[in-house]
2 protein chains.
Amino acid sequence: MTSTDRVVVAVDAMGGDHAPAAVLEGVADALANDSDLEVIITGDANVVESFADSHTRCTAVVTTETILMDDHPASAVRTKKDSSIVVGARLVRDGVADAFFSAGSTGACMAAATLITGRIKGVSRPAIATVIPTSGPPVVLLDVGANADCKPENLLQFGKMGAAYAKIVLGVSEPRIALLNIGEESTKGSQLAIESHALMTESLTGFIGNVEGRDIPTGAADVIVTDGFTGNVALKLLEGVSKSLLGQVKDAMMATPFTKLAAATMRGPFAELKDRLDPDAYGGAPLLGINGVSIIGHGSSTGRAVSSAIRVSAQAVRGQLTQRIAETIAP
Amino acid sequence: MTSTDRVVVAVDAMGGDHAPAAVLEGVADALANDSDLEVIITGDANVVESFADSHTRCTAVVTTETILMDDHPASAVRTKKDSSIVVGARLVRDGVADAFFSAGSTGACMAAATLITGRIKGVSRPAIATVIPTSGPPVVLLDVGANADCKPENLLQFGKMGAAYAKIVLGVSEPRIALLNIGEESTKGSQLAIESHALMTESLTGFIGNVEGRDIPTGAADVIVTDGFTGNVALKLLEGVSKSLLGQVKDAMMATPFTKLAAATMRGPFAELKDRLDPDAYGGAPLLGINGVSIIGHGSSTGRAVSSAIRVSAQAVRGQLTQRIAETIAP
């Protein structure tokens with residue numbers, strides 16, 4: 001496929017804190033910006049039907065159930081067979097859609113992708129990746145939560161899958177892949193990190209060795225590989241500290257009437273900074289290793305985030321992400 | 001001991017990127033601010049002798065060797081018996097000093113403390129703790145690097161030791177202790193996290209359950225417990241992202257001649273913010289579980305950081321940190 005090939009993305013209208021409004025806003029924006037994009041929206045009849053009627057290249061698939069954030073992911077996927085998430089995953093499995101996006105329960109999306117859409121042959125554990133804006137080039141960090149306990153073989157596959165994603169979605173021709181560790185030397189770290197370093201040195205093209213926590217925000221590698229426990233802690237810490245720090249900076253800028261006036265002069269540069277640091281630009285977290293593009297949005301996804309995620313989904317489909325991962329994983 | 005009791009702190013004059021100047025500056029400042037403090041400085045004759053001669057309550061112990069940052073920690077401690085770190089650890093073991101501070105090689109300080117000063121009876125793994133400034137109350141995070149692989153029993157002890165430190169050094173009367181995890185529910189996380197949660201629920205007074213990465217910068221708990229791999233990644237990420245973000249904020253404020261002028265009005269509030277976020281205020285990372293107070297400084301320690309670390313060391317000695325940990329660990 002090329003960048004102008006027709007792509008069909010299934011979108012869960014019911015997922016996310018601001019659903020369905022933010023989702024529909026994002027779908028409308030994505031459709032307006034890509035004339036070769038088709039969207040199938042899944043969700044309640046009163047939400048999806050009128051929207052599909054009033055938008056070209058948009059089809060509605062009505063579902064009657066919704067998986068809630070506090071439902072047990074795997075049981076919900078098994079029992080709520082007519083939910084917007086399960087139906088979306090099935091559309092990809094059946095080849096009706098090329099990709100599925102949802103900002104609903106991460107656990108349920110993962111369970112639906114794994115149980116319904118299915119894994120790529122040879123992938124032992126699908127991983128959730130995320131693109132992190134840095135002061136340098138953006139970084140693909142994975143796994144950020146699908147697998148709390150990992151083996152070196154899993155981390156090796158994460159490296160290969162992350163590299164395929166960086167090539168296709170970030171346009172990095174030869175991704176530098178690093179292992180997240182607590183020292184630069186190959187003998188540093190947990191048993192998992194030491195064994196993974198040895199395996200990756202032997203078997204991973206583009207492996208540049210260990211990086212530390214402080215290297216994540218500088219773009220020291222294109223792909224940073226870790227287990228889903230460490231990656232999840234790191235991602236949430238990054239989100240938390242950015243929010244907390246920028247909040248405190250804002251308070252300092254608004255401390256007095258004088259500083260408030262002064263802050264007005266900085267609007268331009270700060271808007272640029274905000275744009276550069278906005279994770280919404282990279283559109284959700286891909287679930288890598290699934291037999292079909294599958295992207296999970298943050299619960300707080302805005303219309304902009306949904307639109308980016310749909311754009312990124314289409315890019316991944318056109319770049320043949322699934323086939324590239326299958327090739328890199330095949331023995 | 002009370003806050004006016006005489007305390008003897010041994011200080012490694014040779015450790016850190018800015019040694020010996022920053023160390024001596026910190027020692028002088030600490031001595032000037034605490035008339036019941038005595039310092040023994042260990043290091044090269046030409047560094048320590050003249051300084052001790054010109055400062056009251058300061059004694060020099062001349063050493064002839066220096067452990068370098070890239071020496072193998074345990075071997076260096078075994079072979080360089082007349083180094084400033086080994087001699088400092090020995091002064092605590094022999095009861096000549098109550099505490100030891102060094103901004104030298106973290107690994108060597110840990111090895112010296114463990115091999116020479118020795119563990120508190122019943123402590124299976126000493127841990128490195130660090131105090132993190134947050135938008136709320138400061139947080140004691142441990143382990144941040146001593147033990148890359150841990151068992152639930154280790155994490156339970158870390159919780160007890162961290163709570164003793166929070167009580168004595170941060171003045172928290174009933175510390176809230178949390179487990180760093182990737183979800184709030186007790187069933188979430190790695191095998192280690194799940195088992196640790198169960199053990200801590202059963203056996204740890206003050207345990208409030210799981211917190212996530214995003215909760216670290218908000219002060220959601222007084223003590224946050226994790227394994228040394230995750231803790232080290234989190235600490236270095238926190239340092240890295242703070243530096244990177246504040247650098248980008250500074251660039252935005254200095255973008256144009258107008259914003260530069262405007263930035264001048266914000267000096268006061270930003271100086272306050274910088275002070276509040278300055279980890280130097282909490283003075284180094286205590287190695288908890290050692291039979292004597294042992295504090296490790298950042299390699300980049302300034303005079304202010306050294307002075308804080310000595311003040312905190314004296315506070316830990318006067319608060320009987322070692323005895324309190326021994327009591328909390330004893331069966």
Side-chain angles (χ1 to χ4, degrees), chain A residues 134-135 144-145 148-150 180-183 188-194 212-218 226-249 251-256 258-259 261-266 268-270 272-273 276-277, chain B residues 134-135 144-145 148-150 180-183 188-194 212-218 226-249 251-256 258-259 261-266 268-270 272-273 276-277:
Chain A
T134 74
S135 57
V144 296
D149 290 297
C150 288
L180 186 57
N181 204 335
I182 62 173
K188 281 288 176 99
S190 59
Q191 208 52 42
L192 171 66
I194 294 169
E212 298 185 70
R214 68 168 68 90
D215 302 315
I216 298 178
T218 64
T226 189
D227 63 273
F229 187 86
T230 310
N232 188 276
V233 167
L235 176 64
K236 287 177 180 162
L237 174 58
L238 198 65
E239 289 174 352
V241 72
S242 302
K243 196 175 152 191
S244 158
L245 264 184
L246 293 176
Q248 291 181 74
V249 162
D251 289 347
M253 293 176 76
M254 296 294 156
T256 71
F258 293 108
T259 62
L261 265 177
T265 69
M266 298 177 184
F270 269 90
E272 273 170 40
L273 173 61
R276 197 164 63 236
L277 296 178
Chain B
T134 74
S135 56
V144 294
D149 290 298
C150 287
L180 185 58
N181 205 335
I182 62 174
K188 280 285 175 102
S190 59
Q191 208 49 43
L192 172 65
I194 294 169
E212 298 186 71
R214 69 168 67 91
D215 302 315
I216 299 178
T218 63
T226 188
D227 64 272
F229 187 87
T230 311
N232 187 277
V233 166
L235 176 64
K236 287 179 180 161
L237 174 58
L238 198 64
E239 290 175 351
V241 73
S242 303
K243 197 177 151 187
S244 159
L245 264 184
L246 293 176
Q248 291 180 73
V249 163
D251 288 348
M253 294 177 74
M254 295 295 155
T256 71
F258 293 109
T259 61
L261 265 176
T265 68
M266 298 177 183
F270 269 90
E272 271 169 41
L273 173 61
R276 196 164 64 235
L277 295 178

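Letters go in sequence order (proteins before strands), and every chain restarts at 1. This one's a predicted model, so the numbers in the text were calculated from it and none came from an experiment. Side-chain atoms are counted along with the backbone in the values below, which use heavy atoms only and exclude waters and symmetry mates.
Of the listed residues (Glu272(B), Met253(B), Glu239(B)), the one with the most heavy-atom contacts under 4.5 Å to chain A is Met253(B). Ranked by heavy-atom pairs under 4.5 Å with chain A, the list Gly183(B), Cys150(B), Ser244(B) is led by Ser244(B). Considering only heavy-atom pairs separated by less than 4.5 Å from chain A, the leading option among Thr265(B), Asn232(B), Thr259(B), Ile182(B) is Ile182(B). Listed options Ser190(B), Gly247(B), Gly145(B) were ranked by heavy-atom pairs under 4.5 angstrom with chain A; first place goes to Ser190(B). Options Gly240(B), Gly213(B), Ala264(B) differ in how many heavy-atom pairs under 4.5 Å they form with chain A, and the most are formed by Gly213(B). The candidate with the highest count of non-hydrogen atom pairs below 4.5 Å against chain A, out of Pro217(B), Ala148(B), Ala234(B), is Pro217(B). Highest contact tally toward chain B, considering only Gly189(A), Gly228(A), Ala262(A), Gly268(A), is held by Ala262(A) [criterion: heavy-atom pairs under 4.5 Å].
With a threshold of 4.5 angstrom between heavy atoms, Asn181(A) approaches chain B through its backbone and through its side chain. Residue Leu180(B) touches chain A through both its backbone and its side chain, counting heavy-atom pairs closer than 4.5 Å. Both the backbone and the side chain of Gln248(B) come within contact range of chain A, with heavy atoms under 4.5 Å apart. For chain A, the nearby parts of Ala263(B) are the backbone and the side chain; heavy atoms of each come within less than 4.5 Å. The parts of Ser242(A) that come within reach of chain B are both its backbone and its side chain, each placing non-hydrogen atoms under 4.5 angstrom from that chain. At a 4.5 Å heavy-atom cutoff, the contact between Leu246(B) and chain A is made by side-chain atoms alone.
Taking both residues in full, the closest heavy atoms of Phe229(B) and Ala193(A) are given as CE1-CB, 3.9 Å, listed atom of the first, atom of the second, then distance. Pairing each heavy atom of Val241(A) with each of Leu245(B), the nearest pair is O-CD1, 4.5 Å.
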**Message:** Before you tell me yes or no, could you show the steps for Leu237(B) and Leu238(A) under side-chain contact (heavy atoms from CB on, under 4.5 Å), namely the whole-Å CA-CA distance, both residues' side-chain angles and the distance that decides it to 0.1 Å?
**Reply:** CA-CA 8 Å; Leu237(B) 174 58; Leu238(A) 198 65; 3.6 Å; yes
